[in-house]
Every structure is written in C-alpha cells, then in structure tokens.
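So that the names make sense, note that chain A is the first sequence line, chain B the second, and so on, each numbered from 1.
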2 protein chains.
Amino acid sequence: MTYEDAFSALGDSTRRQVFEAVSDRPRAVGELAAGMPVSRPAVSQHLKVLSDAGLVVCRTEGTRRIYAARPEGLAELRAWLDRYWSDVLERYAAEVNEEKE
Amino acid sequence: MTYEDAFSALGDSTRRQVFEAVSDRPRAVGELAAGMPVSRPAVSQHLKVLSDAGLVVCRTEGTRRIYAARPEGLAELRAWLDRYWSDVLERYAAEVNEEKE
DNA sequence: CATCTTCGTAAGTCATGCCTTACGGTAAGT
DNA sequence: ACTTACCGTAAGGCATGACTTACGAAGATG
C-alpha cells in the first residue's frame with residue numbers, strides 16, 4: 001500500500017527472491033517453490049506479504065494460483081525514492097555550501 | 001554496498017526513522033536518540049547497519065560523531081529500481097499482448 | 001463418486017535481530 | 001590530573017517473524 005510496506009516486504013532476502021521470480025514472468029506457487037530452498041507453504045506466506053504490500057497480484061487458473069508482479073507497487077516506491085533522493089541532494093548541497101563559508 | 005543491503009537496512013521501521021532524521025540534516029548520535037523511542041546504543045547499532053549499507057557517513061567532531069546521509073547510497077538503490085521497474089513494465093506489456101492473442 | 005493436484009491456513013518450533021544495561025575509551029573542560 | 005560529555009561495543013533477554021509439518025478446501029480427472 002505505502003512505500004513503507006514495500007520496504008518492509010522487500011527487506012527480507014527470500015521474499016525479494018520470490019518477487020524477482022514473479023517479476024521475470026507470472027508463476028504458480030508450486031513452480032516458485034520448486035526453484036527455491038524453502039517449502040511451498042513458506043512461499044505462500046511470502047506471497048501474502050507481497051500481496052498485502054501491493055507488490056504482486058494473483059489470478060486463479062483451475063486449482064493453481066498464478067502470481068504476477070504489480071507495476072503500480074514498484075511505481076509507488078519509485079516515486080517516493082525519487083522525491084526523497086532530490087531532497088537529500090538539496091540538503092547535501094546546502095551542507096556543502098555552509099561548509100565553504 | 002549493494003541494493004540488497006539497502007533494502008535490508010531500510011526494511012526496519014526504526015532504522016528508516018533514523019535514516020530520515022539524518023537525511024533532514026546531519027546529527028549527532030545523542031541528538032538522534034533524543035527524538036526517538038529507543039536508547040542511544042540502539043541508535044548506534046542502527047547507524048552501523050546503515051553505514052555498512054553505504055547509506056550514511058560519519059565525521060568526528062570532538063567527542064561527537066556526526067552522521068549524514070550518503071546520496072550515493074540512495075543513488076544505487078534508485079538506479080536498480082529504475083532498471084528493474086522498466087523490466088517489469090516490459091514483461092507486463094508482453095503478458096498483456098499474449099493475453100490478447 | 002473417488003482421487004489427485006494445487007494451494008491456503010493453523011499450530012508449533014526455532015532462529016534472527018532488535019533492544020536493553022553495563023562497560024570501556026576518547027576528547028574537552030576545570 | 002580529575003571530571004564530564006559523548007559514543008561504540010559486548011552480553012544477554014526477549015519479541016518478531018521465518019520455516020516446517022499437518023490439515024482442509026476447491027477444482028480437475030478418471
């Protein structure tokens with residue numbers, strides 16, 4: 001939902017791995033778990049966190065759940081980071097100027 | 001150092017708060033701890049993590065350690081996110097096209 | 001209808017890491 | 001030199017959360 005949720009969600013290494021896998025292309029839960037060192041339920045739980053953070057979406061296909069990356073989720077994070085980055089640069093420049101006086 | 005370190009570091013809520021405080025303007029450790037609900041050593045430990053991740057830098061001023069945000073750290077994260085975002089968009093567009101066939 | 005596949009959730013275990021108190025070290029002031 | 005201010009680190013307690021196994025639900029298959 002917010003950039004904070006995105007940071008918290010992507011803060012975990014395994015969860016980043018899951019997110020990168022579904023970013024490559026949409027995948028089912030079992031397919032994701034097959035390429036990872038953790039169990040399928042663990043992947044399911046990670047997907048729930050990513051979903052709550054608005055980073056992935058899910059569609060049902062028979063008995064399978066296909067998860068895909070949600071571009072808007074990354075966009076929020078990107079927007080925040082862009083604004084924050086320019087703020088930091090501004091204040092950084094101001095600091096350097098003060099230093100010179 | 002890498003974008004992964006940045007994500008891990010900013011994944012914690014308290015640490016984000018510390019980082020945002022030093023982004024506003026450079027501050028000493030005690031000054032940071034004064035405006036936060038945790039102890040000074042806790043802030044010190046968070047600053048170490050942020051420093052290892054390349055997100056903050058430190059200069060000594062008498063007995064005080066002044067911490068400041070490091071723009072390059074955010075830049076790395078931003079660069080990764082930009083590239084990653086465009087990749088996701090590409091693949092997302094490709095998915096939509098396949099869906100239409 | 002029976003079975004198999006695929007998955008989410010519950011319950012419990014266990015490790016990660018966040019926080020605290022205690023201590024030592026360096027620099028400035030008197 | 002002694003005291004004070006400021007900080008990093010060590011050690012330990014403790015909560016959060018990541019992981020596992022077990023179970024039940026929903027759809028496909030025969």
Side-chain angles (χ1 to χ4, degrees), chain A residues 1-70, chain B residues 1-70:
Chain A
M1 213 68 156
T2 69
Y3 77 90
E4 305 205 356
D5 295 328
F7 268 124
S8 294
L10 296 177
D12 181 70
S13 162
T14 305
R15 208 145 46 211
R16 267 199 311 274
Q17 197 175 339
V18 172
F19 179 67
E20 294 181 6
V22 300
S23 295
D24 179 48
R25 66 178 165 80
R27 296 177 200 262
V29 179
E31 187 184 354
L32 286 168
M36 300 195 47
V38 297
S39 70
R40 182 194 52 77
V43 174
S44 253
Q45 293 162 7
H46 282 307
L47 285 168
K48 173 163 181 48
V49 175
L50 291 171
S51 178
D52 288 346
L55 291 171
V56 300
V57 289
C58 171
R59 72 168 186 274
T60 300
E61 196 165 285
T63 68
R64 307 196 316 173
R65 302 284 190 92
I66 312 295
Y67 283 87
R70 180 174 168 272
Chain B
M1 213 69 155
T2 68
Y3 76 92
E4 305 205 356
D5 296 328
F7 268 124
S8 294
L10 297 178
D12 181 69
S13 161
T14 304
R15 208 145 46 212
R16 268 199 309 276
Q17 196 175 339
V18 172
F19 179 66
E20 294 181 5
V22 300
S23 295
D24 179 48
R25 66 178 166 79
R27 296 177 200 262
V29 179
E31 185 184 355
L32 286 167
M36 298 195 47
V38 297
S39 70
R40 181 194 54 77
V43 173
S44 254
Q45 292 162 7
H46 284 306
L47 285 169
K48 172 161 182 52
V49 175
L50 290 171
S51 178
D52 288 344
L55 291 171
V56 300
V57 289
C58 170
R59 72 168 185 274
T60 300
E61 196 165 286
T63 68
R64 306 195 316 173
R65 301 285 189 93
I66 312 294
Y67 284 87
R70 179 173 169 270

How many whole angstroms separate atom [atom1] of [X] from atom [atom2] of [N]?
X       : N      : atom1 : atom2 : value
A:Arg16 : D:dG17 : CZ    : C1'   : 16 Å
B:Arg27 : D:dC7  : CZ    : C1'   : 18 Å
B:Ile66 : D:dG8  : CD1   : C1'   : 15 Å
B:Leu47 : D:dG8  : CG    : P     : 7 Å
B:Arg64 : D:dG8  : CZ    : P     : 12 Å
A:Lys48 : D:dA18 : NZ    : P     : 13 Å
B:Arg65 : C:dA28 : CZ    : P     : 13 Å
A:Leu50 : D:dG17 : CG    : P     : 15 Å

Is the backbone N or O of B:Ile66 less than 3.5 Å from a side-chain atom of B:Arg59, with the two atoms forming a donor-acceptor pair by type? no
What does nucleotides 25-30 of chain D look like as a protein-contact string, B for base, S for sugar-phosphate only, - for none, at under 4.0 angstrom between heavy atoms? --BS--
Assign a letter to each nucleotide of nucleotides 18-23 of chain C from its 5' end: B, base within under 4.0 Å of a protein heavy atom; S, sugar-phosphate only; -, no contact. SBBBB-
Determine which pairs satisfy salt bridge (Lys or Arg N to Asp or Glu O under 4.0 Å) with at least one residue from residues 33-46 of chain A, sequence neighbours left out, and list them in order. none
Can you name the residues that form a salt bridge (charged side-chain N to carboxylate O under 4.0 Å, His left out) with B:Arg65, not counting sequence neighbours? none
Mind checking salt bridge (charged side-chain N to carboxylate O under 4.0 Å, His left out) for A:Glu4 and listing every partner two or more places apart, or none if nothing turns up? B:Arg16
Could you give all pairs that pass the ring pair (Phe, Tyr, Trp, His ring centres under 6.0 Å) test and reach residues 28-68 of chain A, with sequence neighbours left out? none
Tell me, which pairs form a ring pair (Phe, Tyr, Trp, His ring centres under 6.0 Å) where one or both residues lie in residues 10-43 of chain A, sequence neighbours left out? A:Phe19-B:Tyr84
Residues which pass side chain to side chain donor-acceptor pair (under 3.5 Å) with B:Gln17, listed by chain and number, not counting sequence neighbours: none
Please list, one pair per line, the donor and acceptor atoms closer than 3.5 Å that link side chains of residues 28-39 of chain B to other protein atoms, with sequence neighbours excluded.
unit_1  : atom_1 : unit_2  : atom_2 : d
B:Glu31 : OE1    : B:Ala28 : N      : 3.4
B:Glu31 : OE2    : B:Arg25 : NH1    : 2.9
B:Glu31 : OE2    : B:Arg25 : NH2    : 3.0
B:Ser39 : OG     : B:Ala42 : N      : 3.4

Counting just side-chain N and O atoms, does B:Tyr67 come under 4.0 Å of either OP1 or OP2 of D:dC6? no
Show your reasoning for whether side chain to side chain contact (heavy atoms under 4.5 Å, CB included) applies to B:Asp24 and B:Glu20. CA-CA 6 Å; B:Asp24 179 48; B:Glu20 294 181 5; over 6 Å; no
